[in-house]
Visitor: 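Take this structure, written in structure tokens, and hold onto it; I'll ask about it next.
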Amino acid sequence: MRSILIMSGSPALVLRLVASAYSVAEKAGSIVRQVLHSGDLGIVEKTGANDLQTLADRLAQQSICASLSRRFPKITIIGEEELLFEDVKEELIENGQADDILQKSCPEGYKGLKEEELVVWVDPLDGTKEYTEGLLDNVTVLIGIAYGGRAIAGVINQPFYNYQVGAGAVLGRTMWGMAGIGAFGFQLQEVPGDQRIVTTTRSHSNKVVTDCVDAMEPHEVIRVGGAGNKIIQLVEGKASAYVFASQGCKKWDTCAPEAILHAAGGKLTDMFGNSYCYDANVKHMNSAGVLATLRNHDYYVSRVPQSVLQALKSD
Ligand code: AMP
Ligand code: MG
Ligand code: MG
């Protein structure tokens with residue numbers, strides 16, 4: 001009996017955190033759906049008309065941050081929205097943990113991680129602009145986990161996945177990934193052949209952004225909302241590179257997507273090809289843009305024009 005207890009042990013802290021983040025992201029996704037169905041989005045402009053917050057952003061963040069901080073009180077949790085999460089309504093709290101994640105074997109290097117060493121980056125609703133415009137499959141909930149400055153695990157919930165399929169289809173899905181374990185919840189696919197299909201912003205474009213997309217000599221350009229959504233396009237073989245040569249994306253936009261992309265064999269950097277750091281004290285803005293690929297990252301880095309790099313440097 002004793003040896004069985006020692007053998008099974010309790011799952012490593014970081015696995016319990018990912019398992020909680022999975023359930024919490026599902027709850028947040030259901031909140032995002034409920035607010036839409038209520039018909040009153042409660043839209044507030046933050047820095048301007050292209051930087052919105054809705055009731056769904058607020059409630060989902062409260063739900064995620066309060067649920068995770070109750071269970072893991074010493075973890076640093078950084079959410080996009082400036083909100084308190086001490087007095088959150090009980091109905092917003094999620095206590096579940098995804099069982100199949102708890103069953104995974106934790107990579108040796110992560111077994112001993114402590115709460116104090118982990119940082120959680122939360123984007124409660126990525127693609128808010130698209131949410132308000134009814135482009136529902138652009139919307140995701142992002143929970144990223146960082147250790148030692150690296151994005152090591154992430155969960156993406158896509159609340160309206162399948163919404164155009166109609167009755168009978170299950171609405172919403174959750175993907176997750178962790179370094180050394182793998183990426184789950186989707187079918188990993190590559191863009192066929194040597195097609196360069198570039199995905200980029202639809203609502204935060206400017207001349208530098210489009211110059212950089214053009215420099216990739218793409219066969220096709222897709223303009224969609226959301227950082228999470230664009231990473232899903234990469235791992236599902238709909239796009240070969242996510243190119244955004246501008247500031248605007250923040251650490252909570254890229255942490256979970258980067259971790260899942262990386263676990264699937266891909267890479268996310270700034271436009272210079274340098275990695276971002278996800279420590280608790282870093283600045284939130286990804287000032288040097290976002291370049292993400294499943295394959296051939298160096299090709300895309302090599303195509304970024306000097307003029308674009310210069311523009312990003314002076315930001
Ligand atoms: P997009 O590709 O435009 O949907 O942007 C991906 C993420 O970065 C979303 O969370 C956006 O809100 C954020 N973002 C990008 N550019 C800006 C910007 N100029 N102002 C505010 N948020 C931005
Ligand atoms: Mg976002
Ligand atoms: Mg957001």
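All ligand and atom numbering here is 1-based and tracks the order in the structure.
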Visitor: Going by an N to O cut-off under 4.0 Å, is there a salt bridge joining Glu220 and Arg196?
Guide: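 No salt bridge links Glu220 with Arg196.
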Visitor: Could you tell me whether a side-chain N or O of Arg150 sits under 3.5 Å from a main-chain N or O of Tyr276, the two making a donor and an acceptor?
Guide: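 Looks like no, no N/O pair under 3.5 Å.
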Visitor: Show me a pair-per-line table, with atom names and distances to 0.1 Å, of protein N or O atoms that are under 3.5 Å from an N or O of ligand 1.
Guide:
| unit_1 | atom_1 | unit_2 | atom_2 | d |
| --- | --- | --- | --- | --- |
| ligand 1 | 2 (O) | Lys230 | NZ | 2.5 |
| ligand 1 | 3 (O) | Thr201 | OG1 | 2.5 |
| ligand 1 | 3 (O) | His204 | ND1 | 2.5 |
| ligand 1 | 4 (O) | Gly226 | N | 2.6 |
| ligand 1 | 10 (O) | Asp126 | OD1 | 2.9 |
| ligand 1 | 10 (O) | Asp253 | OD1 | 2.8 |
| ligand 1 | 14 (N) | Gly248 | O | 3.2 |

Visitor: Before accepting this row, confirm whether a basic side-chain N of the pair Arg173/Glu236 lies closer than 4.0 Å to the acidic partner's carboxylate O.
Guide: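 Here Arg173 pairs with Glu236 in a salt bridge, since their nearest N and O are under 4.0 Å apart.
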Visitor: Please determine whether a side-chain nitrogen of the Lys or Arg among Lys250 and Glu80 lies less than 4.0 Å from a carboxylate oxygen of the Asp or Glu.
Guide: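 Result for this pair is no, no salt bridge flagged.
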Visitor: With sequence neighbours left out, write down each residue that passes side-chain hydrogen bond (donor to acceptor under 3.5 Å, both in side chains) with Arg70, or none if nothing qualifies.
Guide: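 With neighbours one apart ignored, the set is Glu90.
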Visitor: With 2.8 Å as the limit, jot down which protein N, O or S atoms are around the Mg ion (ligand 2).
Guide: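 Less than 2.8 Å away from the Mg ion (ligand 2) sit Asp123 OD2, Asp126 OD1, Asp253 OD1.
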Visitor: Applying ring pair (Phe, Tyr, Trp, His ring centres under 6.0 Å), can you list everything that pairs with Phe184, at least two apart in sequence or on another chain?
Guide: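 Ring pair (Phe, Tyr, Trp, His ring centres under 6.0 Å) list for Phe184, sorted by chain: Trp176.
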Visitor: Is the shortest side-chain N to carboxylate O distance from Lys267 to Glu258 below 4.0 Å?
Guide: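 No, this pair does not count.
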Visitor: Do Ser203 and Glu130 have side-chain heavy atoms sitting under 4.5 Å apart?
Guide: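 Of all side-chain heavy-atom pairs linking Glu130 with Ser203, at least one is under 4.5 Å.
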Visitor: What I want to find out is whether Arg295 reaches Glu190 closely enough, with some N-O distance under 4.0 Å, to be called a salt bridge.
Guide: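 The answer is yes: the pair qualifies as a salt bridge.
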